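What you see is a predicted model, and the numbers here were worked out from it, not measured in a lab. The first residue of the sequence shown is numbered 1, and numbering continues consecutively from there. Remember, it's 1-based here, ligands and their atoms both numbered in the order they're listed.
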Amino acid sequence: MLLAEQIKAGDRRALAKAITLVESTRADHRQQAAALLETLMPDTGKSIRLGISGVPGVGKSTFIEAFGNHLIKQGHSVAVLAVDPTSAVTGGSILGDKTRMETLAFAEKAFVRPSPAGKTLGGVTRRTRESLLLCEAAGFDVILIETVGVGQSETAVADMTDMFLLLLLPAGGDELQGIKRGIMELADLILVNKADGDQANAANQTLSDYRAALHFMKSRFANWQPTVLACSSTQDTGIDEVWQQVIAFRAALDASGELQQNRAQQARSWMWSETAEALVSDLKCDPKVKALVPELEQAVLDGKLPATVAAQRMIDTFKS
Ligand code: GDP
């Protein structure tokens, strides 16, 4: 397959074209995308996959730009993808703004792709996972996947990456920043960004608060104890320390086998969620089911029919 060869040769236009293919919902495109991914599978898996999250304004894109440029200087090649479940609602996307990550977007060893649009988080997630594999096949050795702190998107990104970075703002006082415990527990590395100027002291305070808080959290991996660092994405301080942590993380989990184990489990659960989504979408397209849905939904809305009974009727109709 020509496209596959071009991607493996590092042709960016071919990569962009392939990502457009995996983002398409057209049935023939889906088929082509599936064949392409299967061909490229042996060339995937060689990158380190990093998830990055934090509230809007924390400095995610500024950090990614500083971090990405730092890595490129060291000879790495960096792909940046995004999962933005809000893009479906607002029509925009977190990486859609062309002014973001300008220097990185134009760097030869970088590839920046905005979040795919989609009606469901599942759909957006699938396309990003597939794009990640394509970027690996194209030879990018560090993949960054950005997401905003809304809904289930952090969990979705943690489920497709090796290491999860959570960015925090410096905050005065000792209150934790309303970060849900569940999100804290996903973090393999917490970064207090904007540790510069007036905010340097507050950043240090936040750093100690979170270091203390981490003692009460259980970590995701037996061989990795999450840590907290401070950095400034605008002053370029603490950026190399972040990369050193990534290297340490990878070395520890490679040695223990947890990195591979985690990826294998991610792939297996991806298989099942794909199966579930595809089955539901087939079911919804079935003419007999379609005819039944308004009546069943109404009965459930009116409290006349238990949801489980309605679901079973739909499934029986689909199977019959
Ligand atoms: P995002 O919404 O999380 O992607 O945040 P942005 O990267 O767009 O940054 C939001 C604002 O914070 C911008 O005005 C940045 O210039 C600023 N910012 C980002 N990182 C730093 C930093 O390390 N120090 C300071 N002082 N400002 C920063």
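Closest protein heavy atom to atom 23 (O) of ligand 1: Ser233 N, 2.7 Å. Of the protein's non-hydrogen atoms, the one nearest atom 8 (O) of ligand 1 is Ser61 OG, 3.5 Å. Looking only at heavy atoms of the protein, atom 20 (N) of ligand 1 is closest to Asn193 ND2, 3.2 Å. Counting only heavy atoms of the protein, atom 10 (C) of ligand 1 lies nearest to Gly57 O, 3.6 Å. The single protein non-hydrogen atom nearest to atom 22 (C) of ligand 1 is Thr234 OG1, 3.2 Å, given as residue, atom name and distance.
Residue Val55 touches ligand 1 through its backbone alone, judged by heavy-atom distances below 4.0 Å. Looking at Asp196 against ligand 1, only its side chain comes within 4.0 Å, counting heavy atoms.
Distances below 4.0 Å separate heavy atoms of Pro56 from the following atoms of ligand 1: 2 (O). Against a heavy-atom cut-off of under 4.0 Å, Ser232 is close to the following atoms of ligand 1: 23 (O).
For atom 15 (C) of ligand 1, the nearest non-hydrogen atom from the set Asp236, Thr62, Ile239 comes from Thr62. Scanning Lys60, Lys194, Glu65 for the heavy atom closest to atom 28 (C) of ligand 1 points to Lys194.
Put simply, the side chain of Glu5 does not reach to within 4.5 Å of the side chain of Asp11, judged on heavy atoms. Contact of the Leu37 side chain with the Val22 side chain is registered, since non-hydrogen atoms from C-beta on lie closer than 4.5 Å. For the pair Phe63/Lys194, no side-chain contact is recorded, criterion being any heavy-atom separation below 4.5 Å from C-beta on.
Shown here for Leu214 and Pro226, the closest heavy-atom pair between the two residues is CD1-O, 3.4 Å.
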Item checked: Intermediate values then yes/no, salt bridge (Lys or Arg N to Asp or Glu O under 4.0 Å), Lys46 and Asp141 -> CA-CA 7 Å; Lys46 289 174 199 109; Asp141 70 337; over 6 Å; no
Checklist line | Verdict with reasoning, Arg126 to Glu23, per salt bridge (Lys or Arg N to Asp or Glu O under 4.0 Å) | finding: CA-CA 9 Å; Arg126 170 216 271 160; Glu23 287 178 351; over 6 Å; no
Checklist line | Derivation and outcome, salt bridge (Lys or Arg N to Asp or Glu O under 4.0 Å), residues Asp162 and Arg250 | finding: CA-CA 8 Å; Asp162 303 316; Arg250 185 186 204 165; over 6 Å; no
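In this structure, atom 3 (O) of ligand 1 has protein heavy atoms in its sub-4.0 angstrom surroundings. Proximity of atom 13 (C) of ligand 1 to the protein is not indicated, since no non-hydrogen protein atom lies closer than 4.0 angstrom.
When each of Val80, Ile64, Leu144, Val78 is tested with Val112 by the rule side chain to side chain contact (heavy atoms under 4.5 Å, CB included), just one qualifies, namely Val80.
In this structure, Glu38 places its CD atom where only 12 or fewer heavy-atom neighbours from other residues, nucleotides or ligands lie under 6.0 Å away.
Residues Gln235 and Asp196 bring no donor and acceptor atom of their side chains to less than 3.5 Å of each other.
Here's the thing with Gln199: none of its N/O atoms is less than 3.5 angstrom from an N/O atom of ligand 1. Taking distance alone, with nitrogen or oxygen atoms compared against 3.5 Å, Gly59 approaches ligand 1 more closely than that limit.
Assignment of Gly197 to the shell around ligand 1 is not supported, since no heavy atom sits closer than 4.0 Å.
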